[in-house]
Trainee: 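What follows is a structure written as structure tokens; I'll ask about it next.
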Amino acid sequence: MAAADWAWWLGLLAGAVAVYHFTDAFHCAVFAITHMGRRRAKLPPGHMGLPFVGETLTLFWHFKLARRPNPDAFVEAKRRRYGGGGDIYRTHLYGSPTVVVCSPAANKFVLQSPDTSFGTGWPSPELVGVSSIVNVHGGQHARLRKLVVGTINSPDSLRTFAKVTFENICKIFVSMEPSPLTEKIDECFAGMVPGFRAYPLDLPGTAFHHALNCRRKLNSVFREEIERRKVKQIDGGRGDDCDLMSGLMQMVDEQGNRLSDNEVVDNIVSLVIGGYESTASAIMWATYHLAKSPSVLAKLREENSALAREKNATDFITLDDIRKLKYTAKVVEETIRLANISPMIFRVALKDVEYRGYTIPKGWRVIVWLRSLHVDAKYYNDPLSFNPDRWDKAAKPGTYQVFGAGERICAGNMLARLQLTIFLHHLSCGYRWELLNPDAGVIYLPHPRPIDGAAMSFREL
Ligand code: HEM
């Protein structure tokens, strides 16, 4: 090769290396300048990847395209390269400089710090709504949370919940009977879900753009419902819609103010998303793992059939019955551990925060990598196997965070467990089923699922 050709190729290589390191070098330089004079300020180890997209494409590769049984190579590569001791790494994801934390201690530090240190930092808060419980802070969050937990997670409310269909979730939250309208709402929610952990790029054809359109349609449906209720109240109608929407509409804060219509809509949307999509996903994974684990299914069926024989065929299973289903409870816990329905949750540093000698700079996003705890062989023996009996012993402290932790721990965690238990009771007593493509690959974003959607055939027993 001629010398000129070599020079050309070397120049190209040097340019590519410079481009690759540009984002990392830029953010390190900004950090160094803004923290000049503070001797101990040090960014967590890591690399911020390519300009603009950072490491988002690498994340999508592991979570969407590679289709391996475990997408944690994203975090494991960082542990190998930068050392596992701190379990805190810098990166650039979803358009923001980001710190990833992925150990019981680091996760606890972020999730249980006062809310003056970390706020919620979802990449696209406008999707669920900026005034939703998942996006507000401080007193506003505490007030909403009290109402929501009282409505969906108290023993009394749990007693009243029965089936787990979408129509029912609509009924609990908005008193809507199954109709073409609830079908339209269902479609809109389904259209929103892929937008949640997508790159927030609002261009025609992107998942995020479609999700925003669906969100706008939902806005108008729920706003019409609010107007209908207001008119009914003015006309002297009894407030007979005894549901969360009414609860939110009537809620008054310490200054005597009611929630705005936007706040009511945002919170209904986030609850239906939380209540429907995550539970549906847990149900799918339970059915999937049971189809692959005949001995577990046999024990589950034995326990539930024994209970069914004690009851009249027409009686519905009660909360007291459910407490007797010890093996089923282990199946539920193991399903939720292995499904990792919320693989990661998002925060933002509201000020510079120090952790083990590193600084998490103000304004950076923090991703709490929940799933890496649940698939770590240090905490769970043979972690990718479906083994309900591992729950004979409680998990080590801090290693089970499927519902998050701290002030924002999932407001529907008991409801989710209840719905899954009731479903498993009826399914195991009444049906046999098999996976049509047991070896289908798995994708992990926006929620983990087999690529064929876990196609199964069912027959009555
Ligand atoms: C297996 C099913 C479920 C899983 C794995 C799950 C997981 C989670 C996680 C990890 C969080 C914490 C988010 C954060 O800290 O930023 C959360 C929050 C939340 N979840 Fe769930 N969830 C499930 C079911 C439900 C259900 C059934 C509902 C209600 C109907 C619900 C309502 C909520 C709400 C309202 C929050 C926000 C709490 C707050 O910010 O104070 N979830 N969920």
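Read the numbers this way: they start at 1 and go in the same order the structure lists the ligands and their atoms.
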Trainee: Any atoms of ligand 1 less than 4.0 Å from a non-hydrogen atom of T279? List them with their elements.
Mentor: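 By the 4.0 Å cutoff, the relevant atoms are 27 (C).
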Trainee: Go through ligand 1 atom by atom and flag the ones less than 4.0 Å from a non-hydrogen atom of L271.
Mentor: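 Here the atoms of ligand 1 in question are 30 (C), 35 (C).
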Trainee: For residues H289 and E334, determine if any side-chain heavy atom of one lies less than 4.5 Å from a side-chain heavy atom of the other.
Mentor: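 No, every pair of side-chain atoms sits at 4.5 Å or beyond.
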Trainee: Can you tell me if H141 contacts ligand 1 (heavy atom of the residue under 4.0 Å from the ligand)?
Mentor: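 Within the 4.0 Å threshold, so yes.
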Trainee: Rounded at 0.5 Å granularity, tell me how far NE2 in H141 sits from CD1 in I133.
Mentor: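 If we round to the nearest 0.5 Å, H141:NE2 and I133:CD1 are 4.5 Å apart.
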Trainee: Give the numbers and elements of all ligand 1 atoms closer than 4.0 Å to a heavy atom of G404.
Mentor: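 Numbered from 1, ligand 1 contributes 10 (C).
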Trainee: Examine the proximity of ligand 1 to V402 and report which part, side chain or backbone, both or neither, has a heavy atom under 4.0 Å away.
Mentor: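 Looking at V402 and ligand 1, just backbone atoms fall under 4.0 Å.
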Trainee: Does anything in residues 110-131 pair up under side-chain hydrogen bond (donor to acceptor under 3.5 Å, both in side chains), and if so which pairs, sequence neighbours excluded?
Mentor: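 Qualifying pairs: S131-D266.
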Trainee: Would you please test R229 and S246 for side chain to side chain donor-acceptor pair (under 3.5 Å) and show each step?
Mentor: CA-CA 9 Å; R229 291 180 186 210; S246 293; 2.9 Å; yes
Trainee: Could you note down all residue pairs passing side-chain hydrogen bond (donor to acceptor under 3.5 Å, both in side chains) where residues 340-351 supplies at least one of them, sequence neighbours left out?
Mentor: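 For residues 340-351, and leaving out neighbouring residues, the side-chain hydrogen bond (donor to acceptor under 3.5 Å, both in side chains) pairs sorted by first residue read N340-H374.
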Trainee: Exactly one of Y89, W369, F63 should register a ring-ring contact (aromatic ring centres under 6.0 Å, His included) with F74. Which one does?
Mentor: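 Among Y89, W369, F63, the one that satisfies the ring-ring contact (aromatic ring centres under 6.0 Å, His included) with F74 is W369.
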Trainee: Is R432 close enough and on-axis enough to F458, meaning under 6.0 Å and within 45°, for cation-pi?
Mentor: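 Here R432 fails the 6.0 Å and 45° test against F458.
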Trainee: Any non-hydrogen atom of V134 lying under 4.0 Å from ligand 1?
Mentor: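 Under 4.0 Å: yes for V134.
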Trainee: Using a heavy-atom cut-off of under 4.0 Å, does the side chain or the backbone of R145 touch ligand 1, or both, or neither?
Mentor: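 R145 to ligand 1: side-chain contact only, backbone stays beyond 4.0 Å.
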Trainee: Looking at ligand 1, would R347 count as a contact under a 4.0 Å heavy-atom criterion?
Mentor: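 Per 4.0 Å heavy-atom rule, R347 contacts ligand 1.
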Trainee: Report, in ascending order of atom number, the atoms of ligand 1 lying under 4.0 Å from any heavy atom of A411.
Mentor: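 Checking each atom against A411, I get 19 (C), 20 (N), 33 (C), 34 (C), 35 (C), 36 (C).
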Trainee: Counting only heavy atoms closer than 4.0 Å, does ligand 1 sit against the backbone of S342, its side chain, both, or neither?
Mentor: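 For S342, only side-chain atoms sit under 4.0 Å from ligand 1.
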